Amino acid sequence: MDYYSHQLDSIFLALADRTRRAVIGRLGTGPASISDLAKPFDMALPSFMKHIHLLEETGLIETRKQGRVRTCTLEKKRFAMVEGWLSAQRAIWEARTDRLEAFVTATQSKEEKSQ
């Protein structure tokens with residue numbers, strides 16, 4: 001679980017930055033070259049590459065070089081890990097709200113009977 005937790009920590013850290021989220025969003029429409037990904041951002045290419053390297057290190061994207069062009073694609077396995085964690089959290093919170101609803105309903109029923 002600790003290894004899994006460390007992986008999630010690095011993924012959420014990578015997604016905490018709006019530039020990296022924008023890159024992920026763009027790659028959701030399909031593969032793109034580094035230069036295409038960098039166009040919308042007002043930063044030097046070396047600065048942008050730091051974002052790309054972090055996304056690649058966390059396993060959220062994969063880059064391949066063909067000639068002089070480096071192309072990025074999403075790594076869907078990592079997103080499946082995040083989805084699994086979010087689904088587990090959703091189940092916990094839904095169970096809690098179900099218990100709260102049952103408690104409130106039972107309390108209301110007791111109050112109505114006592115009146």
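The structure presented is a predicted model; accordingly, all values stated were derived computationally and were not measured. Note that these values count all heavy atoms, side chains included, but never hydrogens, waters or copies made by symmetry.
- Applying the side-chain contact (heavy atoms from CB on, under 4.5 Å) criterion to A44, with sequence neighbours excluded, gives P46, S47.
- Under the rule for a salt bridge (charged side-chain N to carboxylate O under 4.0 Å, His left out), the partners of E62 that lie at least two apart in sequence or sit in another chain are R64.
- Within a 6.0 Å radius of CZ in R96, more than 12 heavy atoms belonging to other residues, nucleotides or ligands are found.
- Under the side-chain contact (heavy atoms from CB on, under 4.5 Å) criterion, L100 pairs with V104, not counting sequence neighbours.
- Residue pairs meeting the side chain to side chain donor-acceptor pair (under 3.5 Å) criterion with at least one member in residues 65-74, sequence neighbours excluded: T63-R70.
- Applying the side-chain hydrogen bond (donor to acceptor under 3.5 Å, both in side chains) rule to E57 yields no partners; only residues at least two apart in sequence or on another chain are considered.
- Under a 3.5 Å cut-off, the side chain of R21 and the backbone N or O of L15 do form a donor-acceptor pair.
- Tracing side-chain contacts under 4.5 Å through hydrophobic residues (I, L, V, M, F, W, Y), one never reaches L13 starting from M49; they form parts of separate clusters.
- Here S87 pairs with E83 under the side-chain hydrogen bond (donor to acceptor under 3.5 Å, both in side chains) rule; sequence neighbours left out.
- The nearest pair of heavy atoms linking A14 to L60 is CB-CD1, 4.0 Å.
- The structure places SG of C72 at 4.5 Å from CD1 of I52, a figure rounded to the nearest 0.5 Å.
- Counting only heavy atoms from C-beta outward, the side chains of D17 and L54 never approach each other to under 4.5 Å.
- The CG atom of L74 sits 9.5 Å away from the CG atom of L55 when rounded to the nearest 0.5 Å.
- The closest side-chain heavy-atom distance from Q7 to R78 is below 4.5 Å.
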Donor-acceptor contacts, no H, no angles, side chain residues 24-33, under 3.5 Å, sequence neighbours left out:
unit_1 : atom_1 : unit_2 : atom_2 : d
R26    : NH1    : T29    : OG1    : 2.9
R26    : NH1    : G30    : O      : 3.0
T29    : OG1    : R26    : O      : 2.7
S33    : OG     : S35    : OG     : 3.2
S33    : OG     : D36    : N      : 3.2
S33    : OG     : D36    : OD2    : 3.3

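- L45 and V69 are assigned to two separate hydrophobic clusters, defined by single-linkage of ILVMFWY side chains at heavy-atom distances under 4.5 Å.
- Residue pairs meeting the ring pair (Phe, Tyr, Trp, His ring centres under 6.0 Å) criterion with at least one partner in residues 42-79, sequence neighbours excluded, are F41-F48.
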